[in-house]
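My structure is below; once you've seen it, I'll send some questions.
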Protein chains: 2
Amino acid sequence: MTIMRKTSANARAAAKDATHDRIVGVAARAIRRSGYAGTGVADIMKEAGLTHGAFYSHFPSREAMLAEAAAAACAESVANAAEVAASAPPDEALDAMLAAYLSKKHVEQLETGCPLAALGSETSRQAPEVRRIVTRHIKAAADLIARQSADWGQQSAHERALMTLSTMVGAVVLARAVDEPALSDSLRKAALKHLTSSGH
Amino acid sequence: MTIMRKTSANARAAAKDATHDRIVGVAARAIRRSGYAGTGVADIMKEAGLTHGAFYSHFPSREAMLAEAAAAACAESVANAAEVAASAPPDEALDAMLAAYLSKKHVEQLETGCPLAALGSETSRQAPEVRRIVTRHIKAAADLIARQSADWGQQSAHERALMTLSTMVGAVVLARAVDEPALSDSLRKAALKHLTSSGH
DNA sequence: GCATGCGTATGATGACCATCATGCGAAAGA
DNA sequence: TCTTTCGCATGATGGTCATCATACGCATGC
């Protein structure tokens with residue numbers, strides 16, 4: 001009758017939790033690769049090394065699983081950005097984040113990159129739960145940016161952070177959409193130049 | 001034996017062309033509302049007042065139709081922006097475009113708005129034909145922006161136009177994704193303020 | 001006016017989808 | 001060791017999808 005959550009003393013439950021996390025991890029990459037609409041239950045379970053039948057012992061519905069996957073992708077993405085910022089000199093932290101976000105590598109690796117860029121335009125069509133999670137993520141990302149540029153005063157920093165985030169996301173979205181590598185590079189570099197130099 | 005294109009003397013063919021255009025028009029709105037992946041053949045035909053069977057006498061495949069729909073949406077969007085620019089005093093043209101693009105109305109009307117904002121992150125997963133069309137559209141939009149700000153010299157204007165476009169698209173994508181109206185407004189206004197004031 | 005052509009409708013096909021009922025097999029607890 | 005539990009697999013269900021074969025009915029051209 002004991003109610004156990006998260007870490008269970010029970011080895012069985014621990015194994016189930018591990019499987020659950022593995023499915024979520026696979027799904028977090030799948031949604032960025034194929035989009036919310038393009039990600040099916042069977043695909044994910046197969047990629048996780050399971051059969052489709054086991055799915056509903058881990059999630060109440062496909063929708064719930066998309067929400068968990070979105071949360072995982074968002075958490076991973078913000079943590080990654082925070083680490084980039086932390087491992088650079090404080091006065092270069094913002095530039096380091098911008099360089100990483102607007103790098104060719106990030107544009108190419110959509111599957112492990114920022115979910116805002118990979119799923120941005122699909123988000124408005126998702127369930128409320130997903131939108132709630134993404135909204136929290138956007139706030140966290142904007143705060144992280146604003147914190148790296150405290151020299152502009154509170155109000156202005158927050159406003160500027162929202163604009164910076166918009167430019168970052170838009171540039172990566174367009175750089176990925178385009179089918180000409182040269183234009184893709186130009187989009188990245190134009191955003192990078194104007195975001196770093198205009199901060200002078 | 002006479003080969004007729006576009007406008008046919010034949011009334012039958014003209015009616016078919018009209019139907020074709022009606023389907024494309026419906027589809028151009030449907031893809032922005034529901035995404036590429038969320039737009040089915042049957043949905044579109046029903047919305048056009050036809051049954052699904054007639055579809056394949058108008059298009060060789062669903063994919064071909066998505067490409068035509070994307071082209072129509074892009075053309076409509078660029079024409080609309082050009083009109084906004086043309087009906088304003090030359091030195092206020094860019095600001096007028098920005099105000100319209102970053103308006104609350106545009107954020108709310110995704111079905112008739114900019115396809116880059118409505119479909120941006122889905123584009124990288126589409127057929128080459130769609131990506132080609134979108135690439136052309138991005139170039140046209142950037143050119144239109146650059147033309148309204150010739151005072152910065154050729155090279156700089158083009159680079160700045162790419163950045164401006166990225167910010168516009170990113171801001172609208174995020175403003176739509178978010179589920180808090182206040183944050184949505186902040187995203188729009190932050191982009192608007194920084195794009196218009198930083199221009200001098 | 002009659003026959004022909006062609007745009008559209010009906011209906012079928014097979015693939016894929018989310019969801020769930022049931023059964024197996026291994027680990028947990030006694 | 002015996003029984004109970006439960007994570008996972010098998011397989012079925014009903015729905016939706018893109019695609020196509022066929023049939024109808026009206027407008028066109030003789």
Side-chain angles (χ1 to χ4, degrees), chain A residues 1-24 26-27 30-31 34-69 125-127 129-130, chain B residues 1-27 30-31 34-69 122 125-127 129-130:
Chain A
M1 257 306 176
T2 53
I3 299 169
M4 319 192 197
R5 288 277 154 75
K6 298 285 176 186
T7 49
S8 43
N10 198 320
R12 295 277 292 277
K16 179 168 184 179
D17 285 357
T19 301
H20 183 101
D21 290 352
R22 182 158 43 92
I23 297 172
V24 172
V26 165
I31 56 176
S34 313
Y36 290 111
T39 300
V41 169
D43 305 327
I44 290 167
M45 293 304 277
K46 181 179 287 183
E47 202 179 329
L50 300 170
T51 58
H52 65 276
F55 182 83
Y56 288 88
S57 67
H58 286 284
F59 304 94
S61 69
R62 171 177 174 275
E63 226 179 52
M65 177 255 179
L66 291 179
E68 275 199 51
R125 292 187 282 272
Q126 297 311 303
E129 175 70 5
V130 171
Chain B
M1 258 305 176
T2 53
I3 298 171
M4 317 190 199
R5 290 278 154 77
K6 300 284 175 191
T7 49
S8 44
N10 196 319
R12 295 278 291 276
K16 177 167 186 178
D17 285 356
T19 300
H20 183 102
D21 290 350
R22 183 158 43 91
I23 297 173
V24 171
V26 165
I31 56 175
S34 313
Y36 290 111
T39 301
V41 169
D43 305 327
I44 290 168
M45 294 303 278
K46 180 179 287 184
E47 200 178 329
L50 300 171
T51 57
H52 64 275
F55 181 83
Y56 288 88
S57 67
H58 287 284
F59 304 94
S61 68
R62 173 176 172 275
E63 225 178 55
M65 177 257 185
L66 291 179
E68 274 200 53
E122 242 182 317
R125 294 188 281 271
Q126 297 311 303
E129 174 71 4
V130 171

inquiry  = Suppose we screen for ring-ring contact (aromatic ring centres under 6.0 Å, His included). Which residues come up paired with Phe59(B), at least two apart in sequence or across chains?
reply    = His20(B), Phe55(B)
Side-chain N or O of Thr19(A) closer than 4.0 Å to phosphate OP1/OP2 of dC8(D) = yes
message = As a test of reading the structure: which of dT8(C), dT19(D), dC8(D) is closest to the side chain of Tyr56(B), going by heavy atoms?
response = dT19(D)
message = From CZ of Arg22(A) over to C1' of dG7(D), roughly how many Å is that when rounded to an integer?
response = 12 Å
query = What is the distance from NE2 of His58(B) to P of dT19(D), rounded to the nearest Å?
reply = 16 Å
request  = Could I get the full list of salt bridge (Lys or Arg N to Asp or Glu O under 4.0 Å) partners for Arg125(A), not counting sequence neighbours?
outcome  = Glu122(B)
remark   = In whole angstroms, the gap separating P of dC8(D) from NE2 of His20(A) amounts to 11 Å
inquiry  = For Ile44(A) versus Val26(A), what's the shortest heavy-atom pair and its separation?
reply    = O-CG1, 3.8 Å
query = Which residues pass the side chain to side chain contact (heavy atoms under 4.5 Å, CB included) test with Ser61(A), sequence neighbours left out?
reply = Glu63(A), Ala64(A)
remark   = Smallest heavy-atom separation, Thr51(A) atom then Met45(A) atom, equals O-CE, 3.4 Å
request  = Name all pairs fulfilling the side-chain hydrogen bond (donor to acceptor under 3.5 Å, both in side chains) condition that reach into residues 34-44 of chain B, sequence neighbours left out, sorted by first residue then second.
outcome  = none
task = Nearest whole angstrom, please: distance from the P of dC16(C) to the CZ of Phe55(A).
result = 19 Å
task = Please work out which residues in residues 40-51 of chain B have a non-hydrogen atom less than 4.0 Å from an atom of DNA chain D and list them by number.
result = Gly40(B), Val41(B), Ala42(B)
key: Protein-nucleotide distance (Phe59(B), atom CZ; dG7(C), atom C1'), rounded to Å   = 14 Å
task = Could you tell me whether the side chain of Arg22(A) and the main chain of Ala48(A) form a donor-acceptor pair under 3.5 Å?
result = yes
note = From CZ of Arg62(A) across to C1' of dC17(C) the rounded distance in Å is 9 Å
request  = Output the distance between atom CD (Glu47(A)) and atom CD1 (Ile23(A)), rounded to the nearest 0.5 Å.
outcome  = 11.5 Å
Check nucleotides 11-15 of chain C against the protein and report each pair of N or O atoms closer than 3.5 Å, with its distance, or say if there are none.
{"from": "dG11(C)", "atom 1": "O6", "to": "His52(B)", "atom 2": "NE2", "distance (Å)": "2.7"}

query = Looking at side-chain heavy atoms only, is the closest gap between His58(A) and Thr19(A) below 4.5 Å?
reply = yes
note = Atom OH of Tyr36(B) and atom P of dA18(D) are separated, to the nearest Å, by 16 Å
